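The basis for the numbers below is simple: all heavy atoms, side chains too, and nothing from hydrogens, waters or symmetry mates. As the structure is a computational prediction, the values presented were derived from the model and not from experiment. Proteins come first, then strands; the chains are lettered A, B, ... in the order of their sequence lines, and each starts at number 1.
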Number of protein chains: 2
Amino acid sequence: MPALARAPAQVQAAEEPGKAEATRQSILEAAARIFRRDGYSAARLTDIAAEIGMKAGSLYYHFGSREALVEAVMEVGTRRTHQAVLDALAALPAGAGALARLETAIERHLIMVLAQEDIASATIKLIWQAPAPVREKVLAEQRAYGALWRGLLEGARAAGAIRPDLDLSVTRMAIMGALNWSADWYRPGRLTPEEIAHDVAAMVIGGLAPRP
Amino acid sequence: MPALARAPAQVQAAEEPGKAEATRQSILEAAARIFRRDGYSAARLTDIAAEIGMKAGSLYYHFGSREALVEAVMEVGTRRTHQAVLDALAALPAGAGALARLETAIERHLIMVLAQEDIASATIKLIWQAPAPVREKVLAEQRAYGALWRGLLEGARAAGAIRPDLDLSVTRMAIMGALNWSADWYRPGRLTPEEIAHDVAAMVIGGLAPRP
DNA sequence: GTCTATACGCTGATAGAC
DNA sequence: GTCTATCAGCGTATAGAC
C-alpha cells in the first residue's frame, strides 16, 4: 500500500492543529474565561465571541450549540485536571507512601483550580449550574476521577493513616468541597496558590489521622 | 390619643401574618425549592408559581422582580442559618471550650444545609449563580456571619487548638467549602445529616489540631 | 389578590453572501 | 471560515378585568 502524500484534512485537523482546530481551542479558552467570570446563565455567546474578536454566529461553525460549547469546556477541564493529578502522582518516587500520594493529589488539584486555569476552575464552577443533561455527562466522566480519589483514600486507610470511624465517601466529598469551593472565593493577592494548597493539604491530612 | 381599633393594614401585615404575608412566605419557600432543584438560570417564575398553584403574573403583587425574589430568598436563608448557629452556641453550657463551640457551629451549619432546609441550602447554591448585584448584597449580609466564624477560629487558636502554621482565612474558607459543597452532593438515604455532620466536624477539628 | 392576555426584549440559532 | 442579516422562541414583566 503506497503511503498517501498527505492525510485527509479531517484527520490532519485532529492530529496537528490546523486553523480550525486552533480557533476551536481559543474559543474554548474564551468560553471558559467568560463562563468563569459570569456564571452559566449570564454568559452570552456574544461575549464569548467578542472575547476573541468574533461574532456570535461564527461560533456555530465550530460548535453545534451553546450547550455543546459548555460541555466541551467541561470535558476538557475534567480531563486536564485528572491528567495533572495523575502526572503529579507519577512523578513521585517509587516508594512514596499512601499519605504522600494523597497530599500530592490535594495540592495538585488545588493548584489547577487556583493558578489561573480558567478551564479547570470554570468546570468546577459550572458543574451545578449547567443544564442537567450536560451535568450528567460530565459527572459520568468524573467518575473515573472520583475513583482515583477513592483509591487514594483506601490506600491511606490501609496504611493506617485514617481514623476508622470516618466514612470514606463523606471524607472524599468534604475534601473535594474544601478544594473546589476555592474556585469561587480565591482572588490572587495575599497568598499564593502553593501556600493555600499547603495549608489545605495539612488540614486534611491532619484531620484524617487517628487520634493518638 | 385614643387607641386605634385596628392597626393599619400595612403594619398589621408586618407584625402578624395576614394573608399577604402568609402568601409571601409560601412563595419564598416554593422559590427556594425550585431554585435549589433547578439552579438560578433554569428556574422559571412559572414553575415557582405553579408550585403553589399560582400564575406567574401574580407573583408580582408580592415581589417587584425575579431578582428581588432571589434576593429575598437568600436574605432569609442567610439570616436563618446565622440564627440557628447562634442559638446552638447559646445552648452550650456556660463553660464550653473553644473547640466545643467550633464543633457545635460546624455541626449546626451542616445540618441546616442538609436537613431538607430548602431556603438554607438554596442560598448556598445560589450565591455564585445569582447576578452580581444580588450576590454583592448577600455577601455583605454574610460578613456578620463570617465574623462569627472568625471569632470561633481565633478562640480556638487562643486555646492552643490550632496549629500555628495555618492561615485562619484559608482555614475558614476550606471549612465553609467542606460544609457548603454538601448542599450539592448530598442525597437523603445512606447517611443521616447528623452522621455526616459528625464525620465532617471530626475531620475539621482533627485537622486543625497541632501535631503532637 | 389573583387571573388572563399581551407586549417587550433578549439571545440562541439559521441562511446565505463573501 | 467569518460575517451580516434575520427569525423564532421564550420568559419576564405589565395592564386591566374580576
Visitor: Starting at CD1 of B:I48 and ending at C1' of D:dT12, how long is that distance when rounded to a whole Å?
Guide: 12 Å
Visitor: Under 6.0 Å from the six-membered ring centre of A:Y40 and within 45° of its axis: does the NZ or CZ of A:R66 meet both?
Guide: yes
Visitor: Strictly below 4.0 Å, heavy-atom distances to any atom of DNA chain D: list the hits from residues 29-47 of chain B, or just say none.
Guide: B:A43, B:R44, B:L45
Visitor: Using a 4.5 Å cut-off on heavy atoms from C-beta on, say whether the side chain of A:L153 contacts that of A:L208.
Guide: yes
Visitor: Using whole Å, what does the distance between atom C1' of nucleotide D:dC10 and atom CZ of A:R66 come to?
Guide: 14 Å
Visitor: Kindly compute the distance separating CG (B:L69) from CD1 (B:I34), expressed to the nearest 0.5 Å.
Guide: 11.0 Å
Visitor: State, to 0.1 Å, how close A:Y186 and A:P193 come at their nearest heavy-atom pair, and which atoms those are.
Guide: OH-CD, 3.6 Å
Visitor: May I have the distance from B:E21 (atom CD) to C:dG1 (atom C1'), rounded to whole angstrom?
Guide: 14 Å
Visitor: Taking the cut-offs as 6.0 angstrom to the six-membered ring centre and 45 degrees off its axis, would you call A:R150 and A:Y145 a cation-pi pair?
Guide: no
Visitor: Verify, without hydrogens or angle tests, whether A:E136 (side chain) and A:P133 (backbone) share a donor-acceptor contact under 3.5 angstrom.
Guide: no
Visitor: Distances under 3.5 Å only, N/O to N/O: pair up the protein atoms with those of nucleotides 2-4 of chain C.
Guide:
residue, atom, partner, partner atom, Å
C:dT2, OP2, B:H62, NE2, 2.7
C:dC3, OP2, B:K55, N, 2.8
C:dC3, OP2, B:S58, OG, 2.4

Visitor: Please work out which residues in residues 127-136 of chain A have a non-hydrogen atom less than 4.0 Å from an atom of DNA chain D and list them by number.
Guide: none
Visitor: State plainly whether the residues B:E29 and B:R80 are in salt-bridge range, i.e. N to O under 4.0 Å.
Guide: yes
Visitor: Nearest-Å distance, CZ (B:R24) to P (C:dG1)?
Guide: 13 Å
Visitor: Looking only at side-chain atoms of B:Y60, point me to the closest of D:dG1, C:dG12, D:dT12.
Guide: D:dT12
Visitor: Please determine if A:K137 and A:E141 form a salt bridge, counting it only when a charged side-chain N lies under 4.0 Å from a carboxylate O.
Guide: no
Visitor: Does this structure show an ion pair linking B:R190 with A:D167, if we count only N-O contacts that are shorter than 4.0 Å?
Guide: yes
Visitor: Using a 3.5 Å distance criterion without hydrogens, assess whether the side chain of A:E154 forms a donor-acceptor pair with backbone atoms of A:G151.
Guide: no
Visitor: Assess whether side chain to side chain donor-acceptor pair (under 3.5 Å) is satisfied between B:H109 and B:N180, documenting all intermediate values.
Guide: CA-CA 9 Å; B:H109 178 107; B:N180 289 346; 2.8 Å; yes
